[in-house]
Amino acid sequence: MRIAVYPGSFDPVTNGHLDIIERAALLFDKLIVAVSRNPGKQPLFSVDERLDMLEEVTHSIDNVVIDAFYGLTVNYAKENNAQAIIRGLRAISDFENEFMMALTNKKLQTSVETVFLMTRAEYSFISSSAVKEVVSFGGCVRDLVPPFVQDRLRDKFKNR
C-alpha cells in the first residue's frame with residue numbers, strides 16, 4: 001500500500017490545500033492529511049477546529065485520513081508506514097525552503113521521499129495568512145476557501 005503524509009498547519013484549509021489533497025489522493029492508496037501541532041505559532045483555529053474543517057472538506061475522498069501530530073514530520077511519516085511526504089509549491093519562492101526541508105528529511109529517514117506538487121495557477125497566490133488578513137478586514141474569500149471554511153472564518157472574526 002502506497003501511503004503519503006501531507007503535513008501543514010491548515011489554519012485554515014484553503015482551496016490551494018484542497019487542490020493538493022485531491023491530486024495527491026489520486027497518486028497514493030492512502031493520504032494522511034496531518035495537522036502539525038506547533039507551539040511556536042499562534043493559530044486562529046484550535047487543532048480540533050482545523051481537524052473538523054479538514055474532515056468536512058475531504059469527507060467525499062475515500063482514501064484521505066485526517067490526523068494531528070507533534071514533532072518531526074519525517075518521524076510521523078515513518079510511524080505511519082508512509083513512503084512519501086507531500087509538499088505543495090505555490091511559487092519559486094517556496095522551493096528553496098521546501099528543498100532544504102526535503103534534504104534534511106532524507107538525511108533523517110532515507111526510506112521517506114518528498115513529493116512536490118505544484119498548485120494550480122488559480123490558487124498560486126493563496127495562503128492561509130492572506131485569507132485570515134482579508135477576512136479580518138471584512139473582505140470576501142469566497143473563491144479562496146471552501147464555503148464551510150468561509151463560514152467558520154466569518155464566525156471566528158465576528159466573535160473577536
Side-chain angles (χ1 to χ4, degrees), residues 1 3-25 27-90 94 97-98 100-102 104-105 108-109 112-117 119 123 125-137 139 141-160:
M1 177 180 268
I3 302 170
V5 172
Y6 178 34
S9 59
F10 304 104
D11 185 41
V13 60
T14 68
N15 287 342
H17 293 130
L18 196 52
D19 172 50
I20 298 295
I21 291 167
E22 290 168 348
R23 291 171 41 226
L27 300 173
F28 293 89
D29 300 311
K30 178 179 178 182
L31 176 64
I32 304 168
V33 179
V35 175
S36 62
R37 299 174 189 266
N38 186 341
K41 289 188 175 182
Q42 295 294 333
L44 177 63
F45 292 99
S46 70
V47 170
D48 287 339
E49 289 172 318
R50 289 179 274 161
L51 292 170
D52 181 54
M53 285 187 282
L54 282 162
E55 290 280 357
E56 176 67 26
V57 300
T58 63
H59 73 274
S60 64
I61 310 171
D62 293 335
N63 62 331
V64 169
V65 175
I66 307 301
D67 196 14
F69 75 101
Y70 177 80
L72 295 174
T73 302
V74 72
N75 290 346
Y76 177 81
K78 184 68 175 167
E79 290 164 10
N80 285 275
N81 300 312
Q83 294 80 36
I85 296 170
I86 303 295
R87 299 301 298 170
L89 297 175
R90 293 173 296 192
D94 288 345
N97 184 50
E98 294 293 343
M100 297 306 288
M101 225 181 329
T104 302
N105 286 340
L108 295 172
Q109 193 56 250
V112 178
E113 295 293 337
T114 299
V115 175
F116 296 110
L117 293 177
T119 192
Y123 303 131
F125 66 93
I126 301 173
S127 71
S128 295
S129 298
V131 165
K132 289 183 284 194
E133 185 171 351
V134 169
V135 173
S136 74
F137 288 106
V141 293
R142 180 180 59 246
D143 296 330
L144 309 181
V145 297
F148 176 77
V149 175
Q150 183 179 347
D151 294 342
R152 297 291 294 270
L153 280 160
R154 265 196 241 120
D155 291 345
K156 186 65 85 167
F157 279 99
K158 190 183 330 176
N159 296 325
R160 285 191 140 203

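In what follows, residues are counted from 1 in the order of the sequence shown.
In this structure, Gln83 contributes its side chain and Val112 its backbone to no donor-acceptor pair below 3.5 Å. Looking only at distances, a side-chain donor or acceptor of Arg90 sits under 3.5 Å from a matching main-chain atom of Ile126.
A side chain to side chain donor-acceptor pair (under 3.5 Å) check over residues 32-51, counting only residues at least two apart or in different chains, returns the pairs Ser46-Glu49, Glu49-Lys156.
A salt bridge between Asp155 and Arg152 is absent, with no side-chain N of the basic residue lying under 4.0 Å from a carboxylate O of the acidic one.
Atom OG1 of Thr73 is separated from atom CD of Gln109 by 12.5 Å, given to the nearest 0.5 angstrom. Atom OH of residue Tyr123 and atom CG of residue Leu144 lie 10.0 Å apart, to the nearest 0.5 angstrom. To the nearest 0.5 Å, atoms CG (Leu117) and CD1 (Ile21) are separated by 11.5 Å. Between the CG atom in Asn80 and the CD1 atom in Ile32 there is a gap of 4.0 Å [rounded to 0.5 Å]. Note: Glu98 CD to Thr114 OG1 = 8.5 Å, rounded to the nearest 0.5 Å.
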Would you give me the side-chain donor-acceptor pairs under 3.5 Å for residues 56-69, sequence neighbours excluded?
from	atom 1	to	atom 2	distance (Å)
Thr58	OG1	Leu54	O	2.7
His59	ND1	Glu56	O	2.6
Asn63	ND2	Ala25	O	2.8
Asn63	ND2	Phe28	O	2.8
Asn63	ND2	Asp29	O	3.4
Asp67	OD2	Tyr76	OH	2.5

Contacts table for residues 7-18: side-chain donor-acceptor under 3.5 angstrom, sequence neighbours left out:
from	atom 1	to	atom 2	distance (Å)
Asp11	OD1	Leu44	N	3.4
Asp11	OD1	Phe45	N	2.9
Asp11	OD2	Leu44	N	2.7
Asp11	OD2	Lys132	NZ	2.9
Thr14	OG1	Gly16	N	3.2
Thr14	OG1	His17	N	3.2
Thr14	OG1	His17	ND1	3.3
Asn15	ND2	Asp143	O	3.0
His17	ND1	Thr14	N	2.9

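Atom CD of Glu133 is surrounded by 12 or fewer heavy atoms from other residues, nucleotides or ligands within 6.0 Å.
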